[in-house]
Every structure is written in structure tokens, then in C-alpha cells.
A.B. asks: 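Below you will find the structure I want to go over with you.
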There are 2 protein chains.
Amino acid sequence: MSDTPSAPARIRNIAELARLAGVSTGTVSRALADKSLVNKDTRERIQALARAHGFRPNQMARRLRIQETKVIGVVVPLGHEQRQHLSDPFFMAILGHLADALTENGYDIMLSRVIPDADDWLERIVDSGMLDGVLLIGQSNQFETIERVAQWYRPMVVWGSHRPGQIHCTVGVDNRKGGHLAGECLIRAGRTRLAFMGEAVAPELKDRYDGLCDAAAAAGLPPPLKLDTHLASDVMAEDIAAHIHRIGTDVDGIAAASDLIAMHAVRALADRGIRVPEDISVTGFDDLPLAEQTIPRLTTISQSIAVGARAMVSALFERIAGNDAASVEMAPQLIRRDTA
Amino acid sequence: MSDTPSAPARIRNIAELARLAGVSTGTVSRALADKSLVNKDTRERIQALARAHGFRPNQMARRLRIQETKVIGVVVPLGHEQRQHLSDPFFMAILGHLADALTENGYDIMLSRVIPDADDWLERIVDSGMLDGVLLIGQSNQFETIERVAQWYRPMVVWGSHRPGQIHCTVGVDNRKGGHLAGECLIRAGRTRLAFMGEAVAPELKDRYDGLCDAAAAAGLPPPLKLDTHLASDVMAEDIAAHIHRIGTDVDGIAAASDLIAMHAVRALADRGIRVPEDISVTGFDDLPLAEQTIPRLTTISQSIAVGARAMVSALFERIAGNDAASVEMAPQLIRRDTA
DNA sequence: AAGACGTTTGCAATCGATTGTTGCATGTGT
DNA sequence: ACACATGCAACAATCGATTGCAAACGTCTT
């Protein structure tokens with residue numbers, strides 16, 4: 001009687017379990033992996049023993065040996081906007097879908113909110129030896145860094161814009177087309193004094209602005225006004241309120257760079273007694289689930305986030321398997337609701 | 001000339017770097033850790049070499065040896081609501097703040113969305129050997145499981161309700177009080193036919209309902225109607241629309257279990273031409289940043305998510321350090337805006 | 001009875017780092 | 001010139017698993 005059977009001593013590693021079972025560690029390892037190499041009886045005996053003691057092999061050690069971590073890094077680079085927050089609804093919506101797709105495939109998720117202060121931030125993540133692959137949500141202003149790393153690090157997929165000739169694999173919508181659609185929608189609504197609300201540092205948003213310009217040009221209108229806005233939700237509200245205050249009725253159509261911005265804009269307009277869409281038309285971008293639940297419901301450009309997330313994950317798996325996966329550019333779609 | 005200097009061979013471990021530098025692996029390890037035990041010159045020489053080759057030590061191996069992972073698991077148990085999604089704005093808001101607090105302290109985040117099918121889901125996470133601690137967002141219907149694990153696993157903090165005598169450490173608001181506040185607000189607005197919209201399986205939400213009952217009882221009103229609603233955002237909208245359709249004007253005050261539910265309710269009421277707050281009053285719960293940006297702006301019960309997240313993290317660090325940290329119950333606050 | 005073969009199990013190397021101990025040169029004091 | 005302290009780096013054990021290879025055993029064939 002070596003132990004109180006009612007309160008079994010905690011077992012810390014397979015060696016202890018092996019001693020308890022009177023076999024070698026190798027056998028325990030194989031037994032717990034349910035390999036047919038070990039006798040069915042011993043195998044089940046060891047598994048029962050492990051269960052009885054609540055023993056589970058150390059994953060860190062296993063993964064070190066296996067050289068495969070089953071962990072994917074999901075990284076949000078906040079280059080141009082240090083105060084932007086992970087709680088941004090777009091990040092979160094896409095993160096939710098990524099989480100679904102990854103967990104379904106047996107992968108865990110390591111989340112990093114990175115403020116790229118050191119210029120090797122991405123190398124540090126990619127090189128940590130803890131990740132089988134990396135998903136970047138947004139290119140921010142880190143295009144060069146991403147390209148540099150993509151030259152030698154394959155299992156990485158980025159949500160964002162695809163520039164001709166770029167190395168890194170992106171999934172995203174045709175942002176320029178999206179901006180164009182928004183512009184057309186506003187113009188069809190009879191708007192002529194357009195503005196873009198957002199900021200054009202990240203390639204994605206720049207493309208949206210350019211698309212809006214295309215639409216304006218095609219209709220013979222001057223280039224839309226650019227209303228720069230911080231993306232951090234706390235300052236965003238102030239920025240937008242200030243813009244609305246300043247522009248008054250110089251503008252009659254606002255293409256917002258995101259649904260969140262659009263919602264804030266509608267709110268700020270309401271505060272000043274300006275009606276949407278009667279006085280001013282507003283379009284969003286993203287088609288977050290929320291866009292349909294606001295009052296008035298948001299007219300917006302759909303990014304089909306769920307599809308995009310799946311595309312990112314499957315491209316990543318391709319690349320992990322060693323195959324090349326091309327960038328995916330999805331077609332944006334105008335979702336006409338109440339604001340434009 | 002053994003190597004092309006322009007394209008240095010990739011170095012995979014400290015042993016290779018050691019050979020390159022003509023020292024032992026121990027010295028390299030200490031040099032990279034910047035320990036004074038190795039001569040300043042050699043130290044800098046090795047560091048320069050590492051930098052030149054873009055070498056970074058394997059974290060998996062390091063952490064295995066150190067027995068400290070600097071990773072915290074953030075887990076959302078979806079016990080009662082399999083289809084609830086990570087993109088739930090409340091999860092995401094709190095996750096954002098947790099991410100801030102944890103990354104500031106040098107910890108990474110491992111995200112798990114768990115559908116507790118196997119009853120040892122929490123043991124599996126806690127025991128993986130990959131985590132220094134665990135934060136649970138919500139108790140779901142897993143109270144017993146959490147208690148069981150908390151008996152032997154210390155570094156765990158849970159967002160949720162505190163029941164007298166419970167072992168696991170929670171941070172949260174006094175949900176019953178919150179429900180009470182919501183009830184009082186509705187009653188002060190002259191509402192007498194109250195309803196609770198949500199579902200009372202998770203302890204947090206049950207408490208909110210009980211608090212609402214308290215307020216009703218104190219005002220001599222019958223117990224509020226219970227309108228069960230799925231928490232998965234896709235079905236939630238339908239559920240709510242159905243409820244609104246069914247109750248018509250039998251109800252004149254709705255206390256929603258969350259801001260998201262409240263927003264959907266306001267939307268569904270608007271669809272049926274019922275005005276908020278003229279015809280029906282609605283209160284939310286959480287005070288998400290969005291609640292202030294809706295039209296009409298949401299009257300809600302504040303959870304001060306940011307403060308709560310900080311409290312969770314600091315309690316967790318206490319427990320990692322081996323100290324006991326007591327549960328925290330914050331006072332909810334009524335935020336009066338436009339819907340009640 | 002010897003050899004061939006199949007089934008189980010043990011041994012020991014390995015993944016890539018960290019760190020206590022030991023040993024070898026120096027330098028210092030007398 | 002000898003004893004002793006000091007600084008620096010090498011050696012080897014360790015973290016906790018996995019896995020190729022070899023050995024032990026029993027069974028079957030000839």
C-alpha cells in the first residue's frame with residue numbers, strides 16, 4: 001500500500017506514470033497516443049491509469065519534440081493608429097470567424113495586439129518557434145515589413161489589399177471597387193458634394209478613397225473631400241463630431257471608411273438635427289452584423305467577412321502544407337438600406 | 001571563406017550559433033540573455049552575430065526549460081449556447097481590454113472558444129502545460145466544472161457572479177443590483193408591464209432577472225415576463241422579432257439582458273412602428289461603447305468593462321504569484337440616455 | 001531443434017533551450 | 001616564487017515528451 005487510493009498523488013509526467021504502470025516511458029507515450037504498437041491490454045491499462053490520476057501529457061514538451069505547435073498567431077498591427085483598440089468591431093467580427101475556422105481544424109489561437117515600435121516586431125512573432133502560421137488582420141502602414149518577412153516565411157496570410165507584384169498572400173475585397181460602389185450609390189441618390197470619412201494611411205482605406213474619386217470623376221464631380229479620422233473609438237467620436245460641425249451642409253454625401261465611422265457620423269448628424277438620408281446620405285463599409293440593426297439601417301459595402309475568414313484559413317493551411325496559395329480578392333457588394 | 005557573406009545561412013538554434021562563434025551553447029545562451037557572467041566583448045560579439053543572422057532562440061524550448069510560458073489562456077465557455085459566437089460585442093470589448101492589460105505585462109494570449117462537449121474541457125486547457133494562467137469570460141452553465149478545477153488550480157479568474165462560499169475567484173458586477181436598477185428605471189418611467197429579454201441559464205443573467213423581480217415586487221407589480229432569447233447573434237434577431245410580434249403592447253417596459261439584445265429589440269420595435277421610449281421603454285446591460293452611438297441612445301446598466309478587465313488581470317497576477325486574491329464585485333450604475 | 005517471423009517492449013537519442021558546477025587561465029598579495 | 005582569489009567559458013544535466021532501433025519473447029515451420 002504505497003499510496004492513499006482515495007487521493008491519488010498528482011502525476012506530473014509520463015515517467016511517473018510509467019513507473020506506476022511498471023513500463024517504460026516510451027510505452028506510456030505510445031499507449032496514450034493509442035498506437036496499435038502496444039498491446040491492447042497494456043494500452044487500456046495505462047489509459048485508465050492516466051484517467052484515474054487526471055494526467056495529461058505536457059503539450060509544450062510534445063510540441064517541441066514534434067516541431068509542430070498547432071497554434072496560429074492572429075496579429076493586429078496597429079502601426080498608424082497606436083490607440084486603436086482590439087475591440088474595434090471589424091477586428092472582432094473577423095476574429096470570431098477565424099476562431100471558428102481554426103478551432104474546427106484543431107488549432108489554437110495566439111492573439112497579439114502589436115504596436116510596431118521595434119521594426120522587427122513581425123520577425124519576432126514569426127520566429128518565436130511557437131507558431132505554425134500567422135494571420136495578419138490589416139496591413140496598417142507596415143507593407144514593407146510584411147513584404148520583407150514574406151520573402152522567407154511562407155505560412156502567413158494577410159487581410160488587406162493586393163498590390164501587383166507583392167509577395168505576401170492577401171485576402172480581401174477589392175477596396176477600390178468598393179469605394180466606387182459607395183460613390184455611385186451616393187451619386188445616384190443625387191448627391192454631388194461628396195466626402196470621404198476615414199484616413200488614407202493604410203492601403204485598404206486609401207484604395208477606398210481612390211475608388212470614391214473614380215466614381216466622382218466619372219460623374220464629372222470634383223474629388224471628394226477627405227475627412228481624416230482617428231480609428232481609436234474614443235477619439236473617433238470627437239473627430240467625427242468636429243468634422244460634422246465644420247462641414248455643415250457643404251457636404252451632402254458621406255462615404256465612411258467603415259460601418260463604425262458611419263454609425264458615429266449618423267449619430268453626430270442627428271445631434272445637430274441633420275436628417276439621414278433626407279438631408280445627407282451616408283454609406284458605411286464592412287457590413288457588420290450591427291449595420292442592419294441600427295436606426296436608420298446602414299447602407300454599406302459588404303466585405304463578406306465570414307467568407308473572407310474562411311478563405312484566409314484555407315490559404316494558410318495550403319501554405320503550411322507547402323503549397324502556394326494565391327491572393328484572393330473578393331468582389332464587394334452594395335447593400336442598400338436606409339442611409340443612402 | 002565558408003559562406004557567402006551576403007546571404008548568411010539561416011541559423012536554427014543556439015548550437016549552430018555557438019559553432020559559428022566558436023563558443024559553447026551555454027555561453028551563447030547567457031550572452032543572448034545579456035548576463036554579466038560572460039565577458040562583455042564575447043557577449044556583444046555573439047549578440048551582433050545573432051542579429052546579423054536574424055537568429056532568435058526558440059521560445060518553445062525556452063519555456064519548457066523555464067517552466068513558465070508567459071501565456072495566459074482566455075477562454076469563452078459556450079455551454080448553454082453552442083451557437084453563440086466569439087464576435088459577441090461584449091466578449092470582444094472585454095477581450096480588448098484584457099489584451100491591453102496582458103500585453104503591457106509581457107504576456108501573450110491564447111484564445112479558446114470552447115464548446116464544453118467533453119466534461120473535462122477545462123482540465124484539458126488548464127493542464128496543457130502551455131499556460132501560466134486562465135481567464136474565463138462568463139460562467140455559462142459550467143459552474144460545477146469551474147468549481148471542481150478551482151479546487152486544485154489556482155491561477156484562474158472568472159468573469160461572472162459570485163455565489164457565497166464558492167471557491168473560484170470572480171470579477172463582475174452585482175448583477176442582481178443591476179437588474180434592480182433597470183427595473184427601478186422602467187418603473188420610474190411609469191411602466192408597469194415589465195419583461196426581461198434574455199435567458200436565465202447562466203448565473204449572471206439569472207441574477208439580473210432576479211434583480212428585476214425585486215424591483216417589480218417592491219413596486220407591487222407582478223413578476224416580469226421572461227422572454228427567452230438565444231444569444232447567438234444570427235438567431236437572436238429572429239427570436240426578438242418573434243417576441244415583439246407576440247407581446248404587442250402587453251408589455252410596456254423591456255429590461256434586456258445585454259446591450260446587443262436591447263439594440264435588436266429597439267430595431268424590431270421600430271420595424272413594427274412602436275416608438276421607443278414613447279410607447280415602450282427599453283434598458284440594456286453592459287454599456288458597450290456602441291450604446292452611446294445608437295439612435296436613440298441606449299439607456300443601460302454600466303458594467304465598467306475596462307475596470308473589470310484590469311481587476312481580472314491583477315487578481316490573476318496575484319494568484320500566479322501564489323497569493324490569494326478575493327473575488328471582486330463592482331457596483332453597477334444606471335446610465336440614463338434616451339430609451340428609458 | 002534450429003531458424004524464421006510477428007508482436008511487444010525497452011533503450012537511448014532527440015527537440016532547443018537554461019543553468020549549476022567545474023576547470024582553466026589569469027591577476028594579486030606577500 | 002607560491003598561495004589564493006577572480007573572471008570566464010566549457011561540460012553536462014535538465015525540462016517532458018516522441019520515436020527509430022534493437023532486443024526479448026512466443027509461435028510456427030521444416
Side-chain angles (χ1 to χ4, degrees), chain A residues 9-47 49-50 53-71 108 123-124 126-132, chain B residues 9-47 49-50 53-71 108 123-124 126-132:
Chain A
R10 239 190 138 52
I11 293 198
R12 340 193 50 73
N13 51 38
I14 55 170
E16 291 185 14
L17 188 58
R19 193 149 29 75
L20 213 68
V23 297
S24 74
T25 64
T27 304
V28 170
S29 173
R30 284 185 258 255
L32 293 180
D34 213 30
K35 297 223 169 123
S36 59
L37 253 71
V38 354
N39 187 340
K40 189 146 177 285
D41 293 345
T42 7
R43 210 194 315 162
E44 285 171 356
R45 189 165 55 85
I46 292 174
Q47 288 173 358
L49 216 52
H53 288 75
F55 172 75
R56 253 166 289 270
N58 183 305
Q59 291 302 311
M60 196 73 81
R62 158 164 228 279
R63 291 166 180 189
L64 169 61
R65 177 62 228 248
I66 294 304
Q67 295 289 75
E68 195 195 55
T69 67
K70 288 283 180 183
V71 178
D108 285 329
E123 275 95 345
R124 232 160 28 200
V126 144
D127 243 24
S128 66
M130 307 253 334
L131 303 176
D132 284 352
Chain B
R10 247 197 128 52
I11 294 199
R12 344 192 49 74
N13 51 38
I14 55 170
E16 292 186 12
L17 188 57
R19 195 150 28 78
L20 214 67
V23 297
S24 74
T25 64
T27 304
V28 171
S29 173
R30 283 186 256 255
L32 292 180
D34 215 29
K35 296 221 170 126
S36 58
L37 261 76
V38 355
N39 187 340
K40 189 147 174 284
D41 292 346
T42 11
R43 209 192 315 163
E44 284 171 356
R45 189 166 53 87
I46 293 174
Q47 288 173 359
L49 216 51
H53 288 75
F55 171 75
R56 254 165 288 271
N58 183 305
Q59 291 302 310
M60 195 73 80
R62 160 165 226 279
R63 291 167 181 189
L64 169 62
R65 178 62 227 248
I66 295 302
Q67 296 287 77
E68 196 195 54
T69 66
K70 288 284 181 180
V71 178
D108 285 329
E123 274 96 346
R124 228 152 40 191
V126 145
D127 242 24
S128 67
M130 306 254 334
L131 303 176
D132 284 351

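A, B, ... follow the sequence lines: proteins, then strands. Residue 1 opens every chain. All values reported here derive from a predicted model rather than from experimental measurement.
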A.B. asks: What is the distance, rounded to the nearest whole Å, between atom CD of E16(B) and atom C1' of dG16(C)?
C.D. replies: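 Atom-to-atom, E16(B) to dG16(C), this comes out as 11 Å.
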
A.B. asks: Using whole Å, what does the distance between atom C1' of nucleotide dT18(C) and atom CD of E68(B) come to?
C.D. replies: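 Checked: the CD to C1' distance equals 13 Å.
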
A.B. asks: Using heavy atoms to find the nearest nucleotide of DNA chain D for N58(A) and K40(B) separately, return the residue whose nucleotide is more 5′.
C.D. replies: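 On the 5' side of the pair lies K40(B).
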
A.B. asks: Give every pair of a protein N or O atom and an N or O atom of nucleotides 20-25 of chain C that lie under 3.5 Å apart, one pair per line with the distance.
C.D. replies:
from    : atom 1 : to     : atom 2 : distance (Å)
dG20(C) : O6     : R30(B) : NH2    : 2.6

A.B. asks: Is the shortest heavy-atom distance from the side chain of H53(B) to the side chain of L20(B) under 4.5 Å?
C.D. replies: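 They are in side-chain contact.
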
A.B. asks: Counting N and O atoms only, with roles assigned by atom type, does the side chain of D132(B) sit under 3.5 Å from a partner on the main chain of T69(B), one being a donor and the other an acceptor?
C.D. replies: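 Yes; at least one donor-acceptor contact below 3.5 Å.
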
A.B. asks: Tell me the interatomic distance from L17(A), atom CG, to dA17(D), atom C1', rounded to whole angstroms.
C.D. replies: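 To the nearest whole Å, that distance equals 13 Å.
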
A.B. asks: Compare side-chain N and O positions of T42(B) against OP1 and OP2 of dA9(D) and report whether any pair is under 4.0 Å apart.
C.D. replies: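 It does, given that an N or O in the side chain of T42(B) lies less than 4.0 Å from OP1 or OP2 of dA9(D).
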
A.B. asks: List in chain and number order the residues that pass side chain to side chain contact (heavy atoms under 4.5 Å, CB included) with R19(A), two or more places apart in sequence or in another chain; answer none if no residue qualifies.
C.D. replies: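 So R19(A) forms a side chain to side chain contact (heavy atoms under 4.5 Å, CB included) with E16(A).
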
A.B. asks: Within the 4.5 Å heavy-atom criterion, are L64(B) and R63(A) side-chain neighbours or not?
C.D. replies: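 When only atoms from C-beta onward are counted, R63(A) and L64(B) do not touch, as no gap falls below 4.5 Å.
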
A.B. asks: Just jot down the salt bridge (charged side-chain N to carboxylate O under 4.0 Å, His left out) partners of R12(B), sequence neighbours excluded, or say none.
C.D. replies: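 Expected list: none.
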
A.B. asks: With heavy-atom distances below 4.5 Å as the criterion, would you say the side chains of I14(B) and F55(B) are in contact?
C.D. replies: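 SC-SC contact between I14(B) and F55(B) confirmed.
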
A.B. asks: Consider the side chain of R65(A), meaning its heavy atoms from C-beta on, and name the nucleotide among dC15(D), dA9(D), dA17(D) that approaches it most closely.
C.D. replies: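 Given the options dC15(D), dA9(D), dA17(D), the side chain of R65(A) is closest to dA17(D).
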
A.B. asks: Out of dT18(D), dT18(C), dG16(C), which nucleotide sits closest to the side chain of N13(B)?
C.D. replies: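 Nearest to the side chain of N13(B) among the choices is dG16(C).
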
A.B. asks: So which nucleotide from dG16(C), dT18(D), dT19(C) ends up closest to the side chain of A61(B)?
C.D. replies: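 For the A61(B) side chain, the nearest candidate turns out to be dG16(C).
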
A.B. asks: Within the structure, does a side-chain N or O atom of T27(B) lie under 4.0 Å from either OP1 or OP2 of dA9(D)?
C.D. replies: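 Checking dA9(D) against T27(B), no side-chain N or O comes under 4.0 Å of OP1 or OP2.
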
A.B. asks: M130(A) has an atom CE; how far is it from atom P of dG16(C), in whole Å?
C.D. replies: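 Computing the M130(A):CE to dG16(C):P distance gives 15 Å.
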
A.B. asks: Are K35(B) and dT19(C) close enough that a side-chain N or O sits under 4.0 Å from OP1 or OP2?
C.D. replies: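 Indeed, a polar side-chain atom of K35(B) lies that close.
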
A.B. asks: Is the shortest side-chain N/O distance from R62(B) to OP1 or OP2 of dT18(C) below 4.0 Å?
C.D. replies: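 For R62(B), the contact criterion (side-chain N or O under 4.0 Å from OP1 or OP2 of dT18(C)) is met.
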
A.B. asks: Does R43(A) or I66(B) map to a spot on DNA chain C nearer the 5' end, using the closest nucleotide for each?
C.D. replies: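 Upstream on the strand: R43(A).
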
A.B. asks: Is there a side-chain contact between R62(A) and K70(A) (heavy atoms, below 4.5 Å)?
C.D. replies: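 No, side chains not in contact.
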
A.B. asks: May I have the distance from L32(B) (atom CG) to dT18(C) (atom C1'), rounded to whole angstrom?
C.D. replies: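 After rounding, the gap between these two atoms is 12 Å.
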
A.B. asks: Just how far, in rounded Å, is C1' of dT8(C) from CD of E44(A)?
C.D. replies: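 Atom CD in E44(A) sits about 15 Å away from atom C1' in dT8(C).
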
A.B. asks: For R19(A) and dA17(D), what is the distance between atoms CZ and P respectively, to the nearest whole Å?
C.D. replies: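 After rounding, the reported distance stands at 13 Å.
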
A.B. asks: dG16(D) phosphate, OP1 or OP2: any side-chain N/O from Q67(B) under 4.0 angstrom?
C.D. replies: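 Q67(B) to dG16(D) OP1/OP2: side-chain N or O found under 4.0 Å.
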
A.B. asks: Calculate the interatomic distance between L64(B) atom CG and dA13(D) atom C1'; express it in whole Å.
C.D. replies: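 Answer to the nearest Å: 14 Å.
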
A.B. asks: What nucleotide, of dA9(D), dG10(C), dT18(D), holds the atom closest to the side chain of I14(A)?
C.D. replies: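 Closest nucleotide to the I14(A) side chain: dT18(D).
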
A.B. asks: Do R30(A) and V23(A) have side chains that approach each other closer than 4.5 Å (heavy atoms only, starting at C-beta)?
C.D. replies: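 No, every pair of side-chain atoms sits at 4.5 Å or beyond.
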
